[in-house]
Amino acid sequence: MDFGLSQDQEMLCDAISRTLADTCPLDHVRECAEGSVPFSDNVRSALGEIGIWGMMVPEQHDGLGMTMLDAAAVAEQLGYAVAPVPFIGAHVLAPLALAQGGSEELKAHWLPRIAKGEAQIAVAIAETVEIRDRAGVDFDGAKLDGTALFALDFLEADAFLVADTAGRMHFVAGDAAGLEKVALKTIDRTRSVGELRFSGVAGEALADDGGATVRRLRDAGRVLLAADSLGAGQAMIEKAVDYAGQREQFGRVIGSFQAVKHMCAEMAARHEPCRSLVWYAAHAFDATPDEASLVACHAKSHTGEVHRFVARTSTEVHGGMGFTDLLGLHFWFKRIGFDRQVLGSPEAVRAEAAALQGWTQVA
Amino acid sequence: MDFGLSQDQEMLCDAISRTLADTCPLDHVRECAEGSVPFSDNVRSALGEIGIWGMMVPEQHDGLGMTMLDAAAVAEQLGYAVAPVPFIGAHVLAPLALAQGGSEELKAHWLPRIAKGEAQIAVAIAETVEIRDRAGVDFDGAKLDGTALFALDFLEADAFLVADTAGRMHFVAGDAAGLEKVALKTIDRTRSVGELRFSGVAGEALADDGGATVRRLRDAGRVLLAADSLGAGQAMIEKAVDYAGQREQFGRVIGSFQAVKHMCAEMAARHEPCRSLVWYAAHAFDATPDEASLVACHAKSHTGEVHRFVARTSTEVHGGMGFTDLLGLHFWFKRIGFDRQVLGSPEAVRAEAAALQGWTQVA
Amino acid sequence: MDLDYGPQYDAFREEVRQFLQTHGHRAPDGQGRAARPSPEAVEWQKLLILHGYTARTIPKEYGGYGAEPDILKSRIIAEEFSRAGIPAGLANQGISMLVPTLLELGTEAQKRQWIEPTLNGEIVWCQGYSEPGAGSDLAALKTSARVENGDFVINGQKIWTSTAKQADMIFCLVRTEPDAPKHGGISYLIFSMDTPGIEVRPLKTMTGHAEFNETFFTDVRVPLDQIVGQRGQGWYVANATLGHERGMLGDPDALENRLQALVRLMQKERIGQGCAMDNAVLRDRLVALQAEVAAMKFNGMRILSNSLRGDAGGMAKLVVKLQSCELAHQISALAIDAMGEMGILYHGSEREREDGAWQWNYMFQLGLIIGGGTAQIQKNIIAERGLEMPREPKFATPPAVEQATAVASGQNKGAA
Amino acid sequence: MDLDYGPQYDAFREEVRQFLQTHGHRAPDGQGRAARPSPEAVEWQKLLILHGYTARTIPKEYGGYGAEPDILKSRIIAEEFSRAGIPAGLANQGISMLVPTLLELGTEAQKRQWIEPTLNGEIVWCQGYSEPGAGSDLAALKTSARVENGDFVINGQKIWTSTAKQADMIFCLVRTEPDAPKHGGISYLIFSMDTPGIEVRPLKTMTGHAEFNETFFTDVRVPLDQIVGQRGQGWYVANATLGHERGMLGDPDALENRLQALVRLMQKERIGQGCAMDNAVLRDRLVALQAEVAAMKFNGMRILSNSLRGDAGGMAKLVVKLQSCELAHQISALAIDAMGEMGILYHGSEREREDGAWQWNYMFQLGLIIGGGTAQIQKNIIAERGLEMPREPKFATPPAVEQATAVASGQNKGAA
């Protein structure tokens with residue numbers, strides 16, 4: 001019985017944490033966020049030395065074949081540092097999808113490259129959660145037509161994995177004929193999403209498994225967005241406590257005012273159980289698939305709510321300074337905002353959780 | 001332009017407030033609440049001298065023909081004092097229903113008696129909000145069959161006004177053959193509700209106006225429950241502030257702790273705008289009938305939410321003492337609980353408000 | 001992450017299940033927390049001690065089972081009893097608070113005299129800590145014990161003495177050194193509730209029931225040796241055992257059980273042609289609470305794992321009281337809303353659901369939010385101990401007032 | 001309850017409507033709050049003054065219209081301009097804060113020199129109150145002004161100087177008596193932004209835009225007579241006009257307008273085959289916010305009525321800032337949720353809704369919750385002034401620290 005991270009996982013976290021502390025200070029985040037492509041080559045290569053780009057690639061394809069809990073631990077560190085690197089789409093969902101349903105050729109070609117950090121595949125499954133703006137990609141057995149929104153890790157992607165309206169995944173080369181790529185800009189400039197427009201595009205369909213792969217990708221994406229939010233929320237709480245311990249008003253550090261203390265206490269009280277929820281959800285993904293979707297929903301929606309509160313409250317504790325760009329606190333605020341909305345805002349995810357339990361007549 | 005209570009209305013409030021302060025101290029409330037019938041003869045007769053029992057009875061039937069804002073001002077005072085007297089059902093909804101749809105005989109017989117405080121008619125319209133336990137009363141053109149729940153001002157009622165499933169009101173004598181009366185006990189022992197079971201009961205149908213009367217009754221009932229809650233909430237805030245100003249812990253009055261001050265401030269901040277909302281809703285009932293139903297919904301649901309928070313927070317400020325029976329704070333807590341649920345809990349009322357605005361396909 | 005307990009524990013779990021299958025029928029029906037145990041409950045208690053399913057780590061010479069502490073085994077026992085719906089032995093204040101105190105700080109004679117009959121349910125205790133004027137600020141207690149002719153002579157009043165009516169004995173904090181600093185003038189006495197001068201009055205709460213009492217002392221004479229620890233050390237005696245894992249973490253599944261009850265209610269409670277569960281807004285609130293309950297459940301597993309490693313619970317543990325009490329209250333609040341007008345039925349009314357349990361819970365859980373350290377005290381603790389935020393500065397006036405925000409949590413029923 | 005304004009006011013309203021019909025086309029397009037008024041805006045402003053639709057109660061000799069105060073007429077003007085969607089004259093800090101201050105405490109020469117061109121939009125002012133170290137605790141400001149050869153010589157830094165880039169002049173709080181008690185050492189100076197030694201740097205906020213500036217002073221020399229009020233009295237000068245109904249209650253319909261925009265968004269925003277409004281959970285949140293907006297609207301009418309009677313606003317007024325800012329923020333939050341993934345689009349993205357206004361609002365409104373007295377300061381004020389609860393006791397250390405929780409609200413952008 002050992003609930004939580006193993007010693008190996010804690011060592012991995014420490015390594016990432018140290019690497020990010022060295023290579024990804026706020027100034028660097030700001031620089032990347034203000035550029036045209038947010039991804040940091042420095043951070044990518046430093047993290048590559050730890051091997052995280054191949055953590056979800058099976059060992060036979062030169063990866064580390066690690067678990068979702070490992071990935072969640074990494075996502076938390078990336079959120080903590082608002083690290084401007086591709087991860088959830090390119091290094092978790094993409095290898096998961098390929099490993100689960102890709103042809104041997106696809107796997108052999110792409111998985112080792114993903115593991116080395118030499119290839120980036122963006123993943124677009126937003127329409128399997130909710131159809132917005134009448135988006136959706138139809139597959140007629142040969143070609144893809146339609147629109148897919150919010151491909152994750154979009155800019156600089158070499159290829160795409162996209163869900164069709166029937167819930168099957170397709171591999172599409174980045175330079176496929178008939179494919180139009182439009183970057184979407186969000187509040188969170190440390191990550192990249194984009195829109196794919198298909199006009200009779202030839203892709204390669206992954207195995208038709210009745211939507212099983214898409215469901216796994218959705219679960220994984222939600223767990224990792226929750227983990228990212230967990231890290232970002234942790235950072236915001238620590239920053240609030242630190243600031244409150246230094247900032248003086250009325251001749252006292254503001255952290256000695258009961259109102260400020262209670263704001264921090266409430267953040268911590270709501271945040272701390274999220275950690276266990278996210279860990280469990282990640283573990284369930286690997287160990288108890290039957291409950292994985294439900295607990296992924298819980299992790300996603302609950303961290304979404306808690307960290308919206310944390311993001312706002314931490315900003316309030318920072319007062320006017322928190323509202324400025326100067327401290328850069330808003331990078332975390334926006335990262336949390338991104339995590340909350342992507343792959344379903346809390347209401348949408350809770351509705352799905354209810355349907356999973358048979359609580360809704362109309363799912 | 002004068003938003004708020006007129007001088008006359010303020011004088012009426014003062015008179016009621018003084019009368020209740022004299023005749024309805026906490027000990028008396030407790031005594032009534034612990035009896036088999038909560039209604040206080042003393043308080044009834046003292047308030048009768050001010051004339052409030054006939055305030056909503058038209059002048060030609062010996063009443064005062066006052067407005068809903070007058071009634072709301074009275075309801076607020078009754079809530080403030082947790083006064084154990086019949087009011088919303090017997091002295092507002094009943095005369096409204098009779099005046100609007102009753103035969104001349106009914107009006108001539110009952111309205112003057114209501115005005116004198118000599119007759120009490122309970123009113124049952126709960127099923128026009130939501131059907132619970134498959135209740136509902138069917139009218140076959142001659143007889144009534146079925147069940148009506150939550151008749152307001154039930155105990156000691158001489159007669160009943162009940163809505164059928166088609167939205168028409170019926171007058172039923174208290175001793176009608178086939179009528180079974182079952183008292184319901186609620187958390188709030190300062191008021192009385194009950195269940196009516198009809199087996200082929202002969203009543204007297206009020207005018208068939210396509211549900212207009214029922215809708216007016218529902219609006220009026222909601223405004224007055226909101227007003228009652230407003231008064232009870234006001235009392236709970238004042239009690240919290242008073243207690244916090246006296247109770248010492250750690251060598252200070254607890255009201256000097258910022259956490260306690262902020263609890264009180266938050267109660268006041270959320271409570272105070274409710275007053276204007278309730279006043280406006282009452283005024284709209286008389287002056288702008290087109291918007292009356294919507295704003296009655298807002299008053300009911302919003303006070304329901306705000307005062308659940310106030311009831312809980314005031315109790316917390318009182319600490320252990322608030323949890324005991326000793327201070328009697330719970331009489332207000334429970335009065336607020338009653339006001340929140342009766343004629344629709346906030347979710348149900350908000351759904352109705354959405355439907356009124358055409359925001360729901362399924363109303 | 002390894003959620004298996006391992007084979008030796010699986011065997012132990014099997015043993016517990018066997019026991020429950022074989023003997024479960026002998027368990028008494030649900031016994032009120034405040035009641036004196038019935039003869040059946042006492043028999044059941046003795047059987048549980050014999051098998052090591054309660055009083056497990058208390059030495060044999062004091063009437064316990066004498067096993068080495070093993071958190072997982074304790075957890076398995078709690079899980080299996082909870083799953084079977086069978087009461088897991090007595091859980092009164094004598095067993096949870098007095099016995100650990102005596103084990104740690106009692107004299108050998110005290111241990112031999114009091115522990116075994118307490119464990120067996122033959123002696124029922126009540127706790128005399130809080131006073132009307134000493135709630136959150138427990139150390140401000142005023143009940144006095146002056147020394148006169150070889151006795152303490154006690155005068156004053158305690159409150160929240162939940163089992164005082166049934167109790168044989170009381171463990172009680174009294175002020176023996178009126179001139180000492182606030183925390184230094186308190187002693188921890190134990191004495192019979194039959195001692196002349198004690199009056200117990202039921203204390204009715206907002207629920208309408210008298211779940212507690214007030215206890216009054218008028219010249220109550222207690223021999224000087226009925227003290228645990230030294231004179232003036234009572235504050236520390238009372239606090240010494242608070243850090244313990246008292247009988248583990250309580251019922252680990254209480255929140256989950258309440259949530260499941262709410263799910264059943266919402267599926268059963270009819271609105272029009274459908275049920276409360278069909279209402280998307282109520283359902284959304286339910287799922288949000290379900291996620292929170294899940295988070296608290298896994299948080300409990302994390303605390304358990306930390307304990308196994310010998311780690312203190314840290315922040316994960318500091319937040320449990322605040323979050324669990326609030327969550328339980330919110331579960332009841334949703335139940336009331338799901339019932340609509342039916343939600344206010346109480347006092348054994350016609351059509352009342354589940355004997356009014358949801359309203360009772362809604363109110364009693366508010367009491368729990370207040371009791372045992374109010375939510376405000378909990379937040380102070382989380383901020384100061386968990387986040388290491390600064391204490392409030394000391395005040396200029398009155399000069400002698402001590403700042404004692406770090407009130408021992410878990411005891412003082414009275415609150416801010 | 002009488003919501004009619006009465007016949008004489010109906011006539012006035014008709015007059016305003018006529019004016020707007022006749023002249024409305026001459027109004028400039030929406031002008032940014034921080035911008036220097038365009039020539040069209042200046043012309044429009046002069047026309048409004050001429051008709052008494054702005055600067056209405058300011059004496060004619062100082063460039064105003066010179067009417068007696070009439071709250072209802074002011075309200076009617078605001079209502080009709082808002083309904084017509086036509087800007088109701090300039091509303092910059094010079095007009096809303098400096099002009100009332102000069103009228104109350106300026107010398108005759110100062111009034112004649114500054115008020116008229118300020119009203120006409122010919123002189124743009126900025127406000128120099130808050131500093132990085134003086135937010136909630138504004139009186140802790142450190143920008144110094146020592147006297148040297150007949151000048152004040154100013155050194156220090158101000159923050160949240162929103163129009164500093166465009167401003168001709170600044171009204172500024174500086175510390176002239178460093179040895180006086182905190183509140184007693186401050187003076188209120190006015191000087192040109194062209195004075196050598198002033199540097200203005202744009203201050204970018206979390207929204208990604210620079211809605212504010214920082215302003216730095218290095219040996220800025222200001223003649224001694226450019227002071228309003230006496231030396232050392234600046235704190236009271238700045239606070240003297242805060243109680244005024246500055247330009248009435250702001251736009252009375254701002255919350256209602258935001259809510260209506262949200263309604264339109266939810267009706268328009270598609271989810272699958274339907275729209276966001278079809279989602280019962282989102283709709284429930286919308287109706288709850290609608291009820292709150294209604295409450296705040298009627299609360300505003302109550303405050304207006306109280307003013308007409310000469311009553312101070314009391315609690316109804318004290319709660320406005322806290323509740324309105326929170327409500328505006330919640331409206332934006334719901335809009336973002338209703339948009340789902342679309343809700344995070346920003347920075348002029350493809351598919352962005354309404355130019356990212358909802359996200360901008362969500363963040364900027366958080367700034368408003370913090371600015372002008374944080375929510376915590378607002379709650380202190382409600383508790384202490386509104387509920388007459390006790391102030392916090394004074395602290396023992398450091399001995400010289402002043403307790404000044406009653407910070408003037410409405411000014412200090414920087415916060416706890």
Side-chain angles (χ1 to χ4, degrees), chain A residues 126 129-135 149-150 182-189 193-195 244 247-252 254 256-260 263 304 308 311-312 315-326 328-331 333-334 337-338 340-348 350-351, chain D residues 130 132-137 140 159-160 203-208 210 212 269-273 279 281-282 329 333 336-337 339-352 356 359 362-363 366-367 369-371 374-376 379-380 395 398 400-405 413-416:
Chain A
V129 177
E130 264 183 356
I131 305 280
R132 294 276 174 173
D133 279 6
R134 302 177 193 267
L149 302 176
F150 294 98
V182 181
L184 297 172
K185 294 185 214 158
T186 76
I187 45 169
D188 179 11
R189 300 181 74 165
V193 293
E195 166 174 350
R247 168 77 171 174
E248 288 191 19
Q249 292 280 274
F250 307 109
R252 304 160 56 174
I254 62 169
S256 71
F257 283 103
Q258 206 181 19
V260 175
M263 289 165 87
R308 171 179 272 192
R312 173 238 166 103
T315 305
E316 277 192 84
V317 169
H318 283 80
M321 277 300 126
F323 177 61
T324 68
D325 179 60
L326 297 169
L329 189 72
H330 63 91
F331 287 110
F333 183 99
K334 291 165 180 172
F338 181 101
R340 175 183 164 99
Q341 303 301 116
V342 170
L343 295 185
S345 61
E347 280 86 3
R350 283 194 295 264
Chain D
S130 297
S136 290
D137 186 11
I159 195 170
W160 309 114
L203 179 63
K204 197 162 90 171
T205 71
M206 69 191 300
T207 68
F212 300 93
E269 186 69 31
R270 299 190 66 81
I271 306 176
Q273 297 302 307
N279 181 302
V281 179
L282 299 173
H329 186 66
I336 290 169
D337 289 346
M339 287 187 272
E341 286 186 302
M342 297 294 175
I344 56 172
L345 297 178
Y346 199 59
H347 297 299
S349 177
E350 191 88 358
R351 295 188 186 272
E352 183 184 64
Q359 274 288 356
Y362 181 69
M363 292 185 275
L366 182 54
I369 288 172
I370 293 166
T374 62
Q376 286 63 54
K379 287 181 196 172
N380 283 351
F395 300 106
V401 169
E402 290 173 62
Q403 187 70 6
T405 45
K413 194 75 202 174

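Chain A is the first sequence line, chain B the second, and so forth, proteins listed ahead of strands; every chain is numbered from 1. Not measured: the values here are computed from a predicted model. Atoms considered below: every heavy atom in the structure, side chains included; atoms not considered: hydrogens, waters and symmetry mates.
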S.K.: Non-hydrogen atoms of chain D under 4.5 Å away: do they reach the side chain of A:Phe150, the backbone, both or neither?
M.R.: side chain

S.K.: Answer with side chain, backbone, both or neither: which region of A:Arg189 has an atom nearer than 4.5 Å to a non-hydrogen atom of chain D?
M.R.: side chain

S.K.: Find the distance between OG (D:Ser349) and CD (A:Glu195) and round it off to the nearest 0.5 Å.
M.R.: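 The OG atom of D:Ser349 sits 8.5 Å away from the CD atom of A:Glu195.
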
S.K.: Identify which part of D:Ala210 has an atom lying under 4.5 Å from any heavy atom of chain A, answering side chain, backbone, both or neither.
M.R.: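 Interface part for D:Ala210: neither.
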
S.K.: Test of understanding: with side-chain contact (heavy atoms from CB on, under 4.5 Å), list the residues that count as partners of A:Arg134, not counting sequence neighbours.
M.R.: D:Arg270

S.K.: Should D:His347 and A:Thr186 count as side-chain neighbours, where that means a heavy-atom distance under 4.5 Å?
M.R.: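 A side-chain contact under 4.5 Å is absent here.
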
S.K.: Sort A:Phe333 into side chain, backbone, both or neither according to what part of it lies under 4.5 angstrom from a heavy atom of chain D.
M.R.: side chain

S.K.: Distance check, rounded to the nearest 0.5 Å: A:Lys334 atom NZ versus D:Ile344 atom CD1?
M.R.: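 Here the rounded value is 12.5 Å.
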
S.K.: With the side chain counted from C-beta on, respond yes when A:Phe257 and D:Gln376 share a heavy-atom pair under 4.5 Å apart, and no when they do not.
M.R.: no

S.K.: Can you tell whether the side chains of A:Arg132 and D:Glu341 come within less than 4.0 Å, N to carboxylate O?
M.R.: no

S.K.: Does any backbone or side-chain atom of D:Ile369 lie under 4.5 Å from a heavy atom of chain A? Answer side chain, backbone, both or neither.
M.R.: side chain

S.K.: Check whether D:Glu350 gets within reach of chain A through its side chain, its backbone, both or neither, counting any heavy atom under 4.5 Å.
M.R.: both

S.K.: Is the shortest heavy-atom distance from the side chain of D:Leu366 to the side chain of A:Glu316 under 4.5 Å?
M.R.: yes

S.K.: Can you tell me how far CD of A:Glu130 sits from CG of D:Asn279, rounded to the nearest 0.5 angstrom?
M.R.: 8.0 Å

S.K.: For D:Leu203, which atoms come within 4.5 Å of any heavy atom of chain A: side chain, backbone, both, or neither?
M.R.: side chain

S.K.: Under 4.5 Å heavy-atom distance to chain A, tell me which part of D:Leu282 shows up: side chain, backbone, both or neither.
M.R.: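 For D:Leu282, side-chain heavy atoms alone lie under 4.5 Å from chain A.
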
S.K.: Can you tell me how far the NE2 atom of A:His330 sits from the NZ atom of D:Lys204, to the nearest 0.5 Å?
M.R.: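 A:His330 NE2 to D:Lys204 NZ: 6.5 Å, rounded to 0.5 Å.
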
S.K.: Once rounded to the nearest 0.5 Å, what's the spacing between atom CD of A:Gln341 and atom CG of D:Leu345?
M.R.: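 A:Gln341 CD to D:Leu345 CG: 10.5 Å, rounded to 0.5 Å.
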
S.K.: Please flag which part of A:Leu149 lies under 4.5 Å from any non-hydrogen atom of chain D: side chain, backbone, both or neither.
M.R.: side chain

S.K.: Quick one: which of A:Val182, A:Ile187, A:Ile131, A:Val193 has the most heavy-atom pairs under 4.5 Å with chain D, could you say?
M.R.: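 Highest number of heavy-atom pairs under 4.5 Å: A:Ile187.
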
S.K.: According to the interplanar angle, ranging from 0 to 90°, do the rings of D:Phe212 and A:Phe323 count as parallel (below 30°), tilted (30 to 60°) or perpendicular (above 60°)?
M.R.: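 Plane angle over 60°, so perpendicular.
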
S.K.: Within the structure provided, determine whether D:Asp137 and A:Glu248 are in side-chain contact (heavy-atom separation under 4.5 Å).
M.R.: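 No, every pair of side-chain atoms sits at 4.5 Å or beyond.
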
S.K.: By a 4.5 Å heavy-atom criterion (distance strictly below it), what part of A:Ala126 contacts chain D: side chain, backbone, both, or neither?
M.R.: both

S.K.: Once you round to the nearest 0.5 Å, how far does OG1 of D:Thr205 lie from CG of A:Leu326?
M.R.: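 Answer for the OG1-CG pair, D:Thr205 versus A:Leu326, is 10.0 Å.
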
S.K.: Do A:Lys185 and D:Glu352 touch side chain to side chain, with heavy atoms closer than 4.5 Å?
M.R.: no

S.K.: If we define contacts as heavy-atom pairs under 4.5 Å, which of A:Val129, A:Val342, A:Leu329, A:Asp188 has the most with chain D?
M.R.: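 That would be A:Val342.
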
S.K.: Search all heavy atoms of D:Gly340 against all heavy atoms of A:Ser345 and return the closest pair with its distance.
M.R.: CA-OG, 4.3 Å

S.K.: Give the C-alpha distance, both sets of side-chain angles, the deciding distance and a yes or no for side chain to side chain contact (heavy atoms under 4.5 Å, CB included) between D:Met363 and A:Thr315.
M.R.: CA-CA 10 Å; D:Met363 292 185 275; A:Thr315 305; over 6 Å; no

S.K.: Decide yes or no for D:Asp337 and A:Arg308: does some side-chain heavy atom of the first lie under 4.5 Å from some side-chain heavy atom of the second?
M.R.: yes

